[in-house]
S.K.: 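Starting off with a structure, shown below.
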Amino acid sequence: MTPTLYMAIPCYNEELVLDETSKRLSSKYDALLASGKISPQSRICFINDGSKDKTWEKISELHAAQPNLFSGINLSRNRGHQNALLAGLMTIKDFADCVISMDADLQDDIDTIDAMLEKFSEGYEVIYGVRDNRDTDTSFKRETAGLYYKLMRNLGAENIPNSADFRLMSKRALDGLAEFREVNLFLRGMVPLVGYKSTVVYYKRGERFAGESKYPFKKMLSFAIDGITSMSATPMRIIFWTGLFSFLVALILGIYVIVRHTLNQTSMGWSSIVIAVVGIGGVQLLALGVIGEYIGKIFLEVKQRPRYLIQDFLNK
Ligand code: UDP
Ligand code: MG
């Protein structure tokens with residue numbers, strides 16, 4: 001059976017890259033169609049994440065010119081990369097046998113699609129694109145990313161190092177993902193929880209083809225923190241043990257002071273007290289911060305707001 005392949009490509013202010021991306025993907029689809037690897041119902045779906053530029057106009061033009069190749073989803077407003085991707089996956093899964101998600105900027109190597117389809121035909125349901133090196137990153141991003149994946153793993157959150165959101169998922173795996181109702185999305189942590197037979201394919205990640213990154217340092221940092229606090233409760237447990245430890249230290253200190261007092265050696269400096277007060281105050285504030293982060297998440301989950309709203313869906 002030839003599978004129907006949909007591509008899900010979130011786009012935020014990507015008017016500069018859409019021409020090239022659509023051209024490259026369209027010739028890829030021609031080749032895949034010609035060699036009988038995908039069915040004629042396959043589509044390339046761009047998801048407009050509330051762009052401020054002409055991204056949606058471009059997507060609509062692409063669909064109007066080639067409705068049998070390009071689909072488009074227009075979100076009601078900007079919801080961020082993860083939500084936009086989820087909106088795409090959940091909307092198109094009912095039309096497809098498998099969906100490959102990819103960034104709009106051609107950083108993910110299009111030729112990896114063949115390898116992914118190959119693995120899909122062998123019966124794998126989740127196929128992660130894994131970067132075989134990080135040469136195109138700054139050494140800062142490379143080092144911090146490496147440490148981050150290790151930290152995540154130690155905190156008990158499963159992840160596939162050096163994989164981002166370039167992956168193939170079967171219809172069944174997407175139906176599984178649909179059962180995850182959380183609003184704090186960290187897809188690369190959630191997909192491994194879906195299970196099913198999975199594997200990886202390696203690819204070389206290139207430079208952004210045009211325009212600039214939509215993930216400045218601040219967004220990247222908050223995404224990283226979200227990743228940990230959405231996938232693991234270990235930080236809260238660490239706080240408990242830190243609190244217990246400092247309480248025990250304070251207890252021992254108290255006994256020590258009383259002993260000194262009974263021996264009439266109470267000329268203890270105030271500095272030790274100040275250090276203790278500041279130290280414990282710091283730990284408490286830190287603890288409150290981490291707890292606050294989780295409560296904030298619970299607050300958002302409890303409200304059960306929609307993760308995205310779809311304004312237009314062009315699919316023929
Ligand atoms: N993106 C999005 N909504 C946002 C920010 C980014 O849909 O609010 C999309 C963006 O258009 C791109 C993908 O997410 O297709 C990854 O963004 P980018 O390439 O800027 O991130 P980087 O590769 O620099 O980490
Ligand atoms: Mg990019």
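Just follow the structure's listing: the first ligand is 1, and inside any ligand the first atom is 1. For the single chain, residues carry numbers from 1 onward in sequence order.
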S.K.: Quick one: look up the protein heavy atom nearest atom 23 (O) of ligand 1 and list residue, atom name and how far away it is.
M.R.: Q107 OE1, 2.7 Å

S.K.: Show me which atoms of ligand 1 lie under 4.0 Å from any heavy atom of P10.
M.R.: 7 (O), 9 (C), 10 (C), 11 (O), 12 (C), 15 (O)

S.K.: Quick one: does ligand 1 sit under 4.0 Å from the side chain of E14, the backbone, both or neither, non-hydrogen atoms only?
M.R.: side chain

S.K.: Start with the C-alpha gap between F223 and F186, add the side-chain angles, then the distance that decides, and say whether ring-ring contact (aromatic ring centres under 6.0 Å, His included) holds.
M.R.: CA-CA 8 Å; F223 184 54; F186 190 68; 5.0 Å; yes

S.K.: Under a 3.5 Å cutoff, is there a donor and acceptor pairing between the side chains of Y12 and K52?
M.R.: yes

S.K.: For atom 5 (C) of ligand 1, what is the nearest protein heavy atom, given as residue, atom name and distance?
M.R.: K214 CB, 3.6 Å

S.K.: Is the distance from the Mg ion (ligand 2) to some N, O or S atom of Q107 under 2.8 Å?
M.R.: yes

S.K.: Is a salt bridge present between K58 and D53, judged by a nitrogen-to-oxygen distance below 4.0 Å?
M.R.: no

S.K.: Determine whether D226 and E293 make a side-chain contact, defined as any pair of heavy atoms from C-beta on separated by less than 4.5 Å.
M.R.: yes

S.K.: D19 vs K23, test: salt bridge (charged side-chain N to carboxylate O under 4.0 Å, His left out). Steps then yes/no.
M.R.: CA-CA 6 Å; D19 285 335; K23 211 185 306 164; over 6 Å; no

S.K.: Using a 4.0 Å cut-off to any heavy atom of D103, which atoms of ligand 1 qualify?
M.R.: 13 (C), 15 (O), 16 (C)

S.K.: Evaluate the side-chain proximity of I92 to R43: yes if any heavy-atom separation is below 4.5 Å, no if none is.
M.R.: no

S.K.: Return the closest protein heavy atom for atom 18 (P) of ligand 1 as residue, atom name and distance.
M.R.: R208 NH2, 3.3 Å

S.K.: Do I228 and Y148 have side chains that approach each other closer than 4.5 Å (heavy atoms only, starting at C-beta)?
M.R.: yes

S.K.: So which protein heavy atom does atom 21 (O) of ligand 1 come closest to, and at what separation?
M.R.: Y215 CD1, 3.3 Å

S.K.: I need the contact type for R205 against ligand 1. Using non-hydrogen atoms and a strict under-4.0 Å cut-off, is it side chain, backbone, both or neither?
M.R.: side chain

S.K.: When you compare the side chain of E182 with that of E301, does any pair of heavy atoms fall below 4.5 Å?
M.R.: yes

S.K.: In this structure, are over 12 heavy atoms from other groups packed under 6.0 Å from K303 atom NZ?
M.R.: yes

S.K.: Measure A104 to ligand 1 on non-hydrogen atoms and call it side chain, backbone, both or neither using the 4.0 Å cut-off.
M.R.: both

S.K.: Run the numbers for me: atoms of ligand 1, each under 4.0 Å from some heavy atom of K219, listed by number.
M.R.: 5 (C), 8 (O)

S.K.: Has ligand 1 got any nitrogen or oxygen that is less than 3.5 angstrom from a nitrogen or oxygen of D105?
M.R.: yes

S.K.: Can we say R167 and D165 salt-bridge, meaning some charged N sits less than 4.0 Å from an Asp/Glu carboxylate O?
M.R.: yes

S.K.: Hey, is R79 touching ligand 1 through its side chain, its backbone, both or neither, going by heavy atoms under 4.0 Å?
M.R.: neither

S.K.: Using a 4.0 Å heavy-atom cut-off, which part of N78 comes near ligand 1: side chain, backbone, both, or neither?
M.R.: side chain

S.K.: Within the 4.0 Å heavy-atom shell around S213, which atoms of ligand 1 are there?
M.R.: 20 (O), 21 (O), 22 (P), 24 (O)

S.K.: Considering only protein heavy atoms, which is closest to atom 3 (N) of ligand 1, and at what distance to one decimal place?
M.R.: D49 OD2, 2.6 Å

S.K.: State the atom name: nearest N, O or S atom of D105 to the Mg ion (ligand 2).
M.R.: OD2

S.K.: Salt bridge (charged side-chain N to carboxylate O under 4.0 Å, His left out) between D94 and K171: does it pass, once the steps are laid out?
M.R.: CA-CA 7 Å; D94 297 329; K171 159 96 169 80; 3.6 Å; yes

S.K.: Could you find the nearest protein heavy atom to atom 1 (N) of ligand 1 and give me its residue, atom name and distance?
M.R.: Y12 CB, 3.7 Å

